Amino acid sequence: MTGWQNHPFKIQAKTGETIAFCMCGNSKNGPYCDGSHKGTGISPSVITYDTDTSVHACGCQQSKNRPMCDGTHKTINE
Ligand code: FES
């Protein structure tokens with residue numbers, strides 16, 4: 001298996017909440033950035049939500065729309 005898990009993370013973001021999503025793939029706390037990107041030249045995707053929002057964050061790290069899920073996990077064999 002690649003990534004953190006083979007399905008998306010369902011996250012309920014609250015109004016005004018800022019979430020830093022890992023884009024480097026090294027986080028031990030995916031899909032969230034844990035600072036492990038240091039030295040990679042890759043930065044997290046930081047999103048502030050202006051309304052309560054249901055988010056499906058990529059778990060497999062293969063989405064073309066990272067940090068969000070695009071359904072690519074359905075095509076990956078474990
Ligand atoms: S740990 Fe991956 S972007 Fe921060």
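Owing to the predicted nature of the structure, the values given are computational and were not obtained by experimental measurement. Both ligands and their constituent atoms are indexed starting at 1 by order of listing. As a basis for the values below, the full set of heavy atoms in this structure was taken, side chains included, without hydrogen atoms, waters or symmetry mates.
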For a quick check under 3.5 Å, do S36 and D34 share a side-chain donor-acceptor pair by atom type?
yes
Just jot down the ligand 1 atoms closer than 4.0 angstrom to any heavy atom of G35, in number order.
1 (S)
With side chains defined as the heavy atoms from C-beta onward, is the minimum distance between K10 and V55 less than 4.5 Å?
no
Pull out every atom of ligand 1 sitting under 4.0 Å from any heavy atom of D34, numbered as shown with elements.
1 (S)
For atom 4 (Fe) of ligand 1, what is the closest N, O or S atom on H37?
ND1
Pair S63, N65: side-chain N/O donor-acceptor within cut-off below 3.5 Å
no
Under 2.8 Å from atom 4 (Fe) of ligand 1, is there any N, O or S atom belonging to C33?
yes
In sequence, state the C-alpha distance, the side-chain angles, and the governing distance for C58 and F9, and then conclude on side-chain contact (heavy atoms from CB on, under 4.5 Å).
CA-CA 6 Å; C58 177; F9 293 92; over 6 Å; no
Judged by non-hydrogen atoms, does I42 sit under 4.0 Å from ligand 1?
no
Under a 3.5 Å distance rule, please check whether S45 uses its side chain to pair with a backbone N or O of F21 as donor and acceptor.
no
Note: M23, heavy atoms under 4.0 Å from ligand 1, region reported as backbone
C22 near atom 4 (Fe) of ligand 1: N/O/S under 2.8 Å:
no
Find out whether C22 and Y32 are in side-chain contact, i.e. whether some heavy atom of one side chain is under 4.5 Å from a heavy atom of the other.
no
